[in-house]
There are 2 protein chains.
Amino acid sequence: MNRDNRLSSILHVLLHMADRPAPATSETLAQIMQTNPVVVRRVMAGLRKRGIVRSERGHGGGWTLIRDPADVTLRDIYDGIGAPPLFAIGNRNAAPHCAIERSVNAVLDSTLKAAGTLLLKSFETVTLAKLHDGLRRRLGAPPSAPNRRRVS
Amino acid sequence: MNRDNRLSSILHVLLHMADRPAPATSETLAQIMQTNPVVVRRVMAGLRKRGIVRSERGHGGGWTLIRDPADVTLRDIYDGIGAPPLFAIGNRNAAPHCAIERSVNAVLDSTLKAAGTLLLKSFETVTLAKLHDGLRRRLGAPPSAPNRRRVS
DNA sequence: GATTCATGTAACTTTATATGTTACGAAATA
DNA sequence: TATTTCGTAACATATAAAGTTACATGAATC
């Protein structure tokens with residue numbers, strides 16, 4: 001199975017955006033993500049719908065983070081990319097005829113659902129600001145100030 | 001991403017095996033799983049290595065559950081199929097050059113790892129016997145007796 | 001208003017991986 | 001020896017993420 005990397009990719013990009021004067025073009029962000037600008041637009045479109053970023057067209061256009069990094073959680077971003085499946089394992093048939101299989105599926109589903117709920121809860125505790133400050137400490141840099149210019 | 005259904009499938013098959021006089025051929029189990037006998041052998045091979053089932057060749061051969069269903073947990077079966085990835089989400093690059101990306105990856109990894117550990121712990125609490133009795137209650141059937149003949 | 005820049009999005013291609021299939025060898029029983 | 005059944009390599013198919021191309025839309029600059 002191919003892993004869905006959008007959450008990881010977009011987190012990375014958003015942290016770069018928090019360190020830059022807005023707006024950043026899809027082209028610029030694509031270089032950071034090491035991918036194609038269309039992939040950037042596709043994934044950012046979901047965040048725009050949830051009011052996390054804004055896009056502007058034409059000269060000087062691009063993408064801008066429009067919410068306070070302290071208010072944006074990993075959960076918000078996860079929802080922004082469409083809340084894709086969390087687990088790589090699952091049931092074969094959604095509604096099997098065999099009663100034994102239905103019973104197995106029910107147990108597995110509820111187990112996974114409980115684990116997923118916990119994971120999403122932990123996503124809620126991680127904000128962009130925390131990540132931002134956390135990595136600054138790792139890098140030995142001074143505490144963050146929003147939107148100060150800084151080289152990638 | 002394609003979901004890995006082996007855990008679900010094999011659980012289903014093992015519960016059928018617990019209800020049958022052993023051994024059951026790959027052909028028979030394939031019909032229960034609605035798949036190909038080779039797929040059955042492939043997945044059962046992992047369980048054999050961990051001493052959960054035994055295989056015999058030739059006339060009257062097939063697969064036999066050789067551990068007490070009360071001692072076989074979901075975790076054992078998960079390990080038996082090779083402990084495949086639990087999550088459908090993950091990092092893009094294992095070892096990125098960008099420090100920000102490394103930091104993001106580290107946070108995401110540790111979050112997923114913690115969730116995975118909890119999930120595996122819950123797998124350890126589910127045994128074949130519990131599933132077996134649980135579904136009997138659902139079906140209104142009498143309490144289980146090991147290896148009693150029963151139609152699929 | 002024409003040109004350039006940048007997003008919006010549909011359509012298609014590529015890639016990865018789980019699953020399915022074919023083929024044939026090895027071992028056990030009748 | 002013939003039949004049954006597993007063991008396994010090799011190949012085919014299906015699905016979904018990611019990548020790419022193409023072109024339309026809108027905004028800023030000239």
Side-chain angles (χ1 to χ4, degrees), chain A residues 1-10 12-13 17 22-49 53-66 78 81-94, chain B residues 1-10 12-13 17 22-49 53-66 78 81-94:
Chain A
M1 169 195 304
N2 258 348
R3 306 281 270 279
D4 183 334
N5 299 126
R6 287 176 294 165
L7 187 60
S8 160
S9 303
I10 206 165
H12 174 203
V13 159
M17 286 170 71
T25 66
S26 302
E27 181 64 42
T28 301
L29 299 179
Q31 281 171 14
I32 295 174
M33 268 176 63
Q34 299 182 69
T35 184
N36 191 292
V38 176
V39 174
V40 173
R41 292 188 199 119
R42 203 140 63 190
V43 76
M44 296 296 268
L47 297 199
R48 185 183 45 215
K49 281 180 199 154
V53 298
R54 176 179 58 203
S55 65
E56 290 160 295
R57 302 208 242 195
H59 274 279
W63 298 91
T64 312
L65 180 61
I66 55 173
Y78 169 76
I81 61 176
L86 290 172
F87 296 103
I89 59 182
N91 295 138
R92 182 186 194 77
N93 303 311
Chain B
M1 168 192 301
N2 258 348
R3 306 281 269 280
D4 183 334
N5 299 126
R6 287 176 295 166
L7 187 60
S8 159
S9 303
I10 206 166
H12 174 203
V13 159
M17 287 170 71
T25 68
S26 303
E27 180 65 47
T28 301
L29 298 179
Q31 282 171 15
I32 294 174
M33 269 175 62
Q34 299 184 70
T35 183
N36 190 292
V38 176
V39 174
V40 173
R41 292 188 199 119
R42 203 140 62 190
V43 75
M44 296 295 269
L47 297 199
R48 184 183 48 215
K49 281 179 198 151
V53 298
R54 178 180 58 203
S55 66
E56 291 161 294
R57 302 208 241 198
H59 275 281
W63 298 92
T64 313
L65 180 63
I66 56 173
Y78 169 76
I81 61 175
L86 289 173
F87 297 103
I89 60 182
N91 295 136
R92 181 187 195 77
N93 302 313

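What you see below is based on every heavy atom in this structure, not just the backbone, and it leaves out hydrogens, waters and symmetry mates. Chain identifiers are assigned alphabetically (A, B, ...) following the order of the sequence lines, protein sequences preceding nucleic acid strands; residue numbering begins at 1 within each chain. Quick caveat: nothing in here was measured; it's all calculated off a predicted structure.
Distance B:I10 CD1 to C:dT19 C1': 14 Å, rounded to the nearest Å. Distance, B:I89 CD1 to D:dA18 P: 11 Å, rounded to whole Å. In this structure, A:R54 places its CZ atom 14 Å from C1' of C:dT7, rounding to the nearest Å. Atom pair A:E27:CD and C:dT7:C1' shows a separation of 12 Å (rounding to whole Å applied). Distance A:F87 CZ to C:dA18 C1': 19 Å, rounded to the nearest Å. Taking atom CE of A:M44 as the reference point, atom P of D:dA18 lies 16 Å away to the nearest angstrom. What separates CG of B:L47 from P of D:dG7 is a distance of 12 Å, to the nearest Å. We find that CZ of B:R48 is positioned 6 Å from P of D:dT8, with the value rounded to whole Å.
Considering only the side chain of B:R57, D:dT5 comes nearest among C:dG20, D:dG19, D:dT5. When distances run from any side-chain atom of A:V38 to the nucleotides C:dT9, C:dT19, D:dA17, the shortest one goes to C:dT9. Here D:dG19 is the nucleotide among D:dG19, C:dG8, C:dG20 with the atom lying nearest to any side-chain atom of A:N36. When distances run from any side-chain atom of B:H59 to the nucleotides C:dA10, C:dG8, C:dT29, the shortest one goes to C:dT29. Considering only the side chain of A:T25, C:dA6 comes nearest among D:dC6, C:dA6, C:dC5.
Between A:S26 and C:dT7 there is a side-chain polar atom (N or O) within less than 4.0 angstrom of OP1 or OP2. In terms of phosphate contacts, A:R41 brings a side-chain nitrogen or oxygen within less than 4.0 Å of OP1 or OP2 of C:dT7. In this model, the phosphate group of C:dT19 is approached by a side-chain N or O of B:N5 to a distance below 4.0 Å at OP1 or OP2. Not one side-chain nitrogen or oxygen of A:R3 sits closer than 4.0 Å to the OP1 or OP2 atom of C:dA16. Contact annotation: B:S55 reaches the phosphate of D:dG7 (side-chain N/O to OP1 or OP2, under 4.0 Å).
Interatomic distance, A:H12 NE2 to A:L29 CG, rounded to the nearest 0.5 Å: 10.0 Å.
Under a 3.5 Å cut-off, the side chain of A:R92 and the backbone N or O of B:M33 do form a donor-acceptor pair. Under a 3.5 Å cut-off, the side chain of A:R3 and the backbone N or O of B:N91 do not form any donor-acceptor pair.
Judged by distance alone with a 3.5 Å cut-off, a donor-acceptor contact links the side chain of A:R42 to the base of D:dT20.
The minimum heavy-atom distance linking B:L47 with B:I10 is given by the pair CD1-CD1, 3.2 Å. Contact record, A:A30 with A:N36: CB-C, 3.7 Å, taken as the closest heavy-atom pair. When every heavy atom of B:P85 is checked against every heavy atom of A:A88, the shortest pair comes out as O-CB, 3.4 Å.
Nearest-nucleotide mapping onto DNA chain D: of B:G61 and A:V39, the residue sitting toward the 5' end is B:G61. Residue order along DNA chain C, read from the 5' end via each residue's closest nucleotide, puts B:P84 first among B:P84 and B:E56.
A:R92 comes within contact range of the sugar-phosphate backbone alone, with a heavy-atom separation under 4.0 Å but no base atom that close.
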